[in-house]
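To start, the structure itself, in structure tokens.
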Amino acid sequence: GEWNVFADTDHLAASPLTKLAFGAMERIVVPLSLDQGDFSRLFHDPTGNALFTDVLMPMAQNPEISSARVSKFIFTKVLPKANTEITTHAGIKSPFTPPVLAQQEMANLADSLRNVSKDNTLMQSTLYDFTANSEVDDGARLQMFCRKYCTAFKLVADGPANVSKTSGVPLCTMESNEAKLGKDTLDALKAEVNFAVLQILGEDYQDSFQGFQTPTADPTSGPTPTPTFGSAA
């Protein structure tokens, strides 16, 4: 069957191995905390590792280099208010409900990203399938940007977060006895990961996830398919 290969890179965006991954892949997923300092480091880094200004923009300017484009920003380590899937007022689709203040901070950071790219063609060239949507007002443009480029992943305790790594078993095939977690905890974690995978892979892969369920879905609606991943480091 078809494989999707993921290359896991570290924070040193300008390292040769990271650039090699960017040159080999089609899309980039950027984890982003709600810390304004993390956001600033995407554009200003004294070590020369700013993802956009030091790496992706120069790569986009070089016609001899093939470079991946950013297709998703995932707001990570977000505290959940409820395990209910929502789309925030800004248009960010999330498998859980973040607190109101977290939703606002996500919206602020997404709007900052949109504003940076609004009139900057070089920044636009680093985003996957970017569309300016100049014919609509700012509020509508923000929602379009968020629906296309943003999602969220909740803060997960160290035990469940590391269970796949410590056991050597892929999360998507893991049973609760292997994970030493309760079935409800493991199923909720799988649903979170499946949601993130679907957001990353996009509409082209919807057919592979027809039975996908969030933690609050009707359990009689059908089984949750388990995706197959390739990986590259």
Quick check on the hydrophobic clustering: are I86 and F195 connected, directly or via other members, by side-chain heavy-atom contacts under 4.5 Å?
no

Determine whether M57 and I65 fall in the same hydrophobic cluster, where Ile, Leu, Val, Met, Phe, Trp and Tyr are linked whenever their side-chain heavy atoms lie under 4.5 Å apart.
yes

When you measure from the side chain of S94 to the backbone of A152, do you find a donor-acceptor pair of N or O atoms at a distance under 3.5 Å?
no

What heavy-atom pair brings L122 and A60 nearest, and what distance separates the two atoms?
CD1-CB, 4.4 Å

List the atom of T9, the atom of A21, and the distance in Å for their closest heavy-atom pair.
CG2-CB, 3.8 Å

With a 4.5 Å heavy-atom cut-off, do I200 and R27 have their side chains touching?
no

Is there a side-chain contact between T53 and H44 in this structure, where contact means two heavy atoms from C-beta onward sitting under 4.5 Å apart?
no

Hydrophobic clusters here meaning ILVMFWY residues chained together by side-chain heavy-atom distances under 4.5 Å, can you tell me if L109 and I74 are in one?
no

Could you state the interatomic distance from CG (D10) to CG (L17), rounded to the nearest 0.5 Å?
8.5 Å

Return the CG to CG distance between L189 and N194, rounded to the nearest 0.5 Å.
10.0 Å

Using 4.0 Å as the upper bound for N to carboxylate O, is an ion pair formed by D45 and R41?
no

Quick one, F39 and L34 - any side-chain contact, counting heavy atoms below 4.5 Å?
no

Would you say the side-chain atoms of T97 pair up with the backbone N or O of T84, donor to acceptor, closer than 3.5 Å?
yes

Backbone N or O of V136 within a donor-acceptor pair of the R141 side chain at under 3.5 Å?
yes

On a heavy-atom basis, the closest approach of A68 and L56 is O-CD2, 4.4 Å

On a heavy-atom basis, the closest approach of S164 and M174 is CA-CE, 3.7 Å

Out of curiosity, does V30 fall in the hydrophobic cluster containing F43 (side-chain heavy atoms, cut-off under 4.5 Å, transitive links)?
yes

Could you go through the side chain to side chain contact (heavy atoms under 4.5 Å, CB included) check for F22 and I28 one step at a time?
CA-CA 7 Å; F22 290 166; I28 298 169; 3.6 Å; yes

Would you compute the distance between atom CE of M144 and atom OH of Y149 and round it to the nearest 0.5 angstrom?
12.5 Å

Taking D137 for its side chain and A140 for its backbone only, find out whether a donor-acceptor pair lies under 3.5 Å.
yes

Sidechain-backbone polar pair: N83 side chain, F96 backbone, donor-acceptor under 3.5 Å:
no

Any idea how F52 and F73 line up, ring-wise: parallel (<30°), tilted (30 to 60°), or perpendicular (>60°)?
tilted

Quick one: does N115's side chain have a donor or acceptor within less than 3.5 Å of a partner on D111's backbone?
yes

I'd like to know if the side chain of K148 and the backbone of D129 have a donor-acceptor N/O pair within less than 3.5 Å.
yes

Heavy-atom check, side chain of K93 versus side chain of R147, under 4.5 Å:
no

Do F153 and Q199 have side chains that get closer than 4.5 Å, going by heavy atoms?
no

How far does CG of L51 sit from OG1 of T126, to the nearest 0.5 angstrom?
8.0 Å

List the atom of V5, the atom of M25, and the distance in Å for their closest heavy-atom pair.
O-SD, 3.7 Å

Pairwise distance CG(D38) to CG(L32) - rounded to 0.5 angstrom:
6.5 Å

Taking every non-hydrogen atom, the tightest pair across Q124 and S117:
NE2-O, 2.8 Å

Could you tell me if the side chain of L186 sits less than 4.5 Å from the side chain of K183, heavy atoms only?
no

Assess, by modelled atom type and distance only, whether the side chains of Q104 and N108 contain a donor and an acceptor separated by less than 3.5 Å.
yes

Report the C-alpha distance between V29 and F6 in whole Å, list the side-chain angles of each, state the deciding distance to 0.1 Å, and finish with yes or no for side chain to side chain contact (heavy atoms under 4.5 Å, CB included).
CA-CA 10 Å; V29 177; F6 291 80; 5.6 Å; no

Check: Y128 and E26 side chains under 4.5 Å, non-hydrogen atoms
yes

In this structure, are over 12 heavy atoms from other groups packed under 6.0 Å from K81 atom NZ?
no

Do any pairs count as a side chain to side chain donor-acceptor pair (under 3.5 Å) and have a residue in residues 55-74, sequence neighbours left out, and if so which ones?
none

Examine the side chains of S33 and D35 and answer whether a donor and an acceptor come within less than 3.5 Å of each other.
no

Apply side chain to side chain contact (heavy atoms under 4.5 Å, CB included) to the pair M123 and K118, showing each step before the final yes or no.
CA-CA 9 Å; M123 176 67 182; K118 183 168 59 175; over 6 Å; no

Measuring only between side-chain heavy atoms, which start at C-beta, is L42 closer than 4.5 Å to V116?
no

Just one of L113, I92, T131 clears the side chain to side chain contact (heavy atoms under 4.5 Å, CB included) bar with F145, so which one?
L113

Show the numbers, then the answer: is there a side chain to side chain contact (heavy atoms under 4.5 Å, CB included) between V55 and K19?
CA-CA 8 Å; V55 181; K19 287 183 176 180; 4.2 Å; yes

Using the rule side chain to side chain contact (heavy atoms under 4.5 Å, CB included), only one of L79, V78, L155 pairs with P98; which is it?
V78

